[in-house]
A.B. asks: 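I have a structure here, written as structure tokens, and I will follow up with some questions on it.
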Number of protein chains: 2
Amino acid sequence: MTGKTASDPDPQRAQRADAQRNRARILDAARTVVDEQGTQASLRDIARRAGVGMGTFYRHFPTRDALLQTLLCQGFDRLSVKADSLAAAAAPEEALMEWLRDFTAGSTAYRGLAASMMTTLSDESSPLHASCLAMREAGARLLKRAQDAGRIRADVDGTDLFALVNAVSWIAEQAPSVAARREHLFSLVMDGLTRRP
Amino acid sequence: MTGKTASDPDPQRAQRADAQRNRARILDAARTVVDEQGTQASLRDIARRAGVGMGTFYRHFPTRDALLQTLLCQGFDRLSVKADSLAAAAAPEEALMEWLRDFTAGSTAYRGLAASMMTTLSDESSPLHASCLAMREAGARLLKRAQDAGRIRADVDGTDLFALVNAVSWIAEQAPSVAARREHLFSLVMDGLTRRP
DNA sequence: ACCTGAACACCGTTCAAGT
DNA sequence: ACCTGAACACCGTTCAAGT
């Protein structure tokens with residue numbers, strides 16, 4: 001125990017008021033710019049729009065992934081939770097499909113997101129690594145359940161499924177003509193994984 | 001008719017000796033650097049390695065696509081020809097699969113190639129547009145043939161097939177763990193397109 | 001005709017100097 | 001503690017000056 005009393009704010013969270021405000025401004029700007037330019041958005045543009053020096057930007061978010069984490073982490077965690085509640089509530093195949101629908105909607109929220117997820121999954125030092133991996137594992141449990149029920153091919157694992165779904169999301173970003181057929185491509189792939197009676 | 005005689009070299013092809021040598025050097029360097037860095041390789045690096053000024057580089061290849069064209073066009077054309085000869089020689093499904101095998105091998109030759117092909121297909125001003133489109137159309141004819149023979153789902157078109165195959169090639173570039181499963185992902189997708197008896 | 005390399009407008013990242 | 005903005009090393013692209 002130190003001299004710290006109950007009324008002291010948590011030292012880990014204590015921040016000067018201007019620092020807190022700058023952080024919020026950066027995040028606001030980031031949401032806008034990433035929305036426009038995708039996950040590879042210019043960090044300078046974000047700092048500029050936030051009205052903040054580059055040093056301030058880097059002090060708050062030392063890497064691009066640190067910034068993306070605060071934008072994406074919530075969504076990843078939400079999908080992890082949703083997978084588990086679907087596992088308890090819905091039929092195996094329907095649960096998986098419903099989850100994938102939700103996942104795909106999220107993965108097309110920002111341009112470049114599918115690519116960022118793949119990068120973050122193979123980079124253990126990324127602050128997004130853990131939550132993205134947890135989300136994939138949660139999806140993998142839904143997959144396993146559908147496989148055990150005999151509804152999905154047995155020779156597919158969570159990595160395969162995640163890769164295929166991200167591959168479709170990515171390709172849809174590459175050309176408007178493909179984007180228009182995204183749902184169709186998605187169902188072609190999922191039909192292929194489904195065991196027909 | 002102008003004063004041009006038969007012994008004049010083709011004025012369109014006439015080039016000073018140093019220009020011809022520089023062009024060859026740039027292409028040599030490009031092959032090496034694109035091999036190392038992918039289709040998004042630094043153009044400066046290529047010019048440097050070729051021992052040539054930036055102006056010279058741009059004089060010979062005014063855009064990145066103009067450079068890629070000379071590296072990739074032959075391969076595209078070869079695959080177009082191969083599609084037509086397979087259509088004449090092999091059973092519909094086998095012909096399609098053999099062609100896709102060949103196509104995939106080519107599309108993984110350089111990192112970023114799948115992305116470049118998608119870009120070039122939606123950019124009519126790209127010098128690669130025509131030959132890439134021709135290749136896709138040649139593949140589409142093999143697809144149609146296999147569909148007419150009842151071996152492939154009827155609700156797939158050449159754009160879908162091309163998109164799916166490129167999506168798998170791209171995803172395999174994103175992580176070594178996925179690269180190791182590339183063949184498996186490819187067969188999952190193709191199985192899905194195949195009509196089972 | 002062709003080549004060169006500096007110049008320009010951008011990046012991401014770091015860091016000395018300020019408050 | 002935190003902020004600023006210049007500095008550095010890159011990039012793609014253009015262009016005046018040379019031969």
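Since the model is a prediction, treat every value here as computed from it, not as a measurement. Values below: all heavy atoms of this structure, side chains included; hydrogens, waters and symmetry mates excluded. By convention in this document, chain letters (A, B, ...) are assigned in the order of the sequence lines, proteins followed by strands, and residues within each chain are numbered from 1.
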A.B. asks: At under 4.0 Å, does any side-chain N or O of A:Asn22 touch on OP1 or OP2 of D:dC2?
C.D. replies: no
A.B. asks: Strictly under 4.0 angstrom, non-hydrogen atoms only: write out the protein contact profile of nucleotides 11-19 of chain C, one letter per nucleotide from the 5' end, B, S or -.
C.D. replies: BBBBB----
A.B. asks: Quick one: ring-ring contact (aromatic ring centres under 6.0 Å, His included) partners of A:Phe103, sequence neighbours excluded?
C.D. replies: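 A:Phe103 satisfies ring-ring contact (aromatic ring centres under 6.0 Å, His included) with A:Trp99, A:Phe162 only.
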A.B. asks: Sort and list the pairs that fulfil ring-ring contact (aromatic ring centres under 6.0 Å, His included) and have at least one residue in residues 39-63 of chain B, not counting sequence neighbours.
C.D. replies: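 Non-adjacent pairs meeting ring-ring contact (aromatic ring centres under 6.0 Å, His included): zero.
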A.B. asks: Should A:His60 be listed as having a side-chain N or O under 4.0 Å from OP1 or OP2 of D:dC3?
C.D. replies: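 For D:dC3, OP1/OP2 do have a side-chain N/O of A:His60 under 4.0 Å.
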A.B. asks: Please list, by residue number, the residues of residues 29-38 of chain A whose heavy atoms come closer than 4.0 Å to an atom of DNA chain C; answer none if no residue qualifies.
C.D. replies: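 Those residues: none at all.
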A.B. asks: State plainly whether the residues A:Asp157 and A:Lys144 are in salt-bridge range, i.e. N to O under 4.0 Å.
C.D. replies: no
A.B. asks: Not counting sequence neighbours, list each pair that qualifies as a ring-ring contact (aromatic ring centres under 6.0 Å, His included) and has a residue in residues 120-142 of chain A.
C.D. replies: none
A.B. asks: Listed by chain and number, what are the salt bridge (Lys or Arg N to Asp or Glu O under 4.0 Å) partners of A:Asp123, not counting sequence neighbours?
C.D. replies: none
A.B. asks: For A:Glu173, give me all partners under salt bridge (Lys or Arg N to Asp or Glu O under 4.0 Å), at least two apart in sequence or on another chain.
C.D. replies: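 For A:Glu173, no residue satisfies salt bridge (Lys or Arg N to Asp or Glu O under 4.0 Å) once neighbours in sequence are set aside.
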A.B. asks: I need the full list of side chain to side chain donor-acceptor pair (under 3.5 Å) pairs touching residues 26-38 of chain B, with sequence neighbours left out, sorted by first then second residue.
C.D. replies: B:Gln37-B:Asp45
A.B. asks: Taking CZ from B:Arg25 and C1' from C:dC3, how many angstroms apart are they, rounded to a whole number?
C.D. replies: 12 Å
A.B. asks: Runs of at least three consecutive Watson-Crick or G-U pairs, both distances under 3.5 Å, are what I'm after; which ones involve DNA chain D?
C.D. replies: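 Only these stems qualify: C:4-8 with D:12-16, C:12-16 with D:4-8.
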A.B. asks: Salt bridge (Lys or Arg N to Asp or Glu O under 4.0 Å): which pairs involve residues 52-62 of chain B, sequence neighbours left out?
C.D. replies: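 Listed by first then second residue: nothing to list.
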A.B. asks: Would you kindly give the CZ-to-P distance between A:Arg59 and D:dG5, to the nearest whole Å?
C.D. replies: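 The distance from CZ of A:Arg59 to P of D:dG5 comes to 16 Å, rounded to the nearest Å.
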A.B. asks: For residues 63-79 of chain B, which residue pairs pass the side chain to side chain donor-acceptor pair (under 3.5 Å) check, not counting sequence neighbours?
C.D. replies: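 Every side chain to side chain donor-acceptor pair (under 3.5 Å) pair that includes a residue of residues 63-79 of chain B, provided the two are not neighbours, is B:Asp65-B:Thr120, B:Asp65-B:Ser126, B:Arg78-B:Asp102.
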A.B. asks: List in chain and number order the residues that pass salt bridge (Lys or Arg N to Asp or Glu O under 4.0 Å) with A:Arg141, two or more places apart in sequence or in another chain; answer none if no residue qualifies.
C.D. replies: A:Asp84
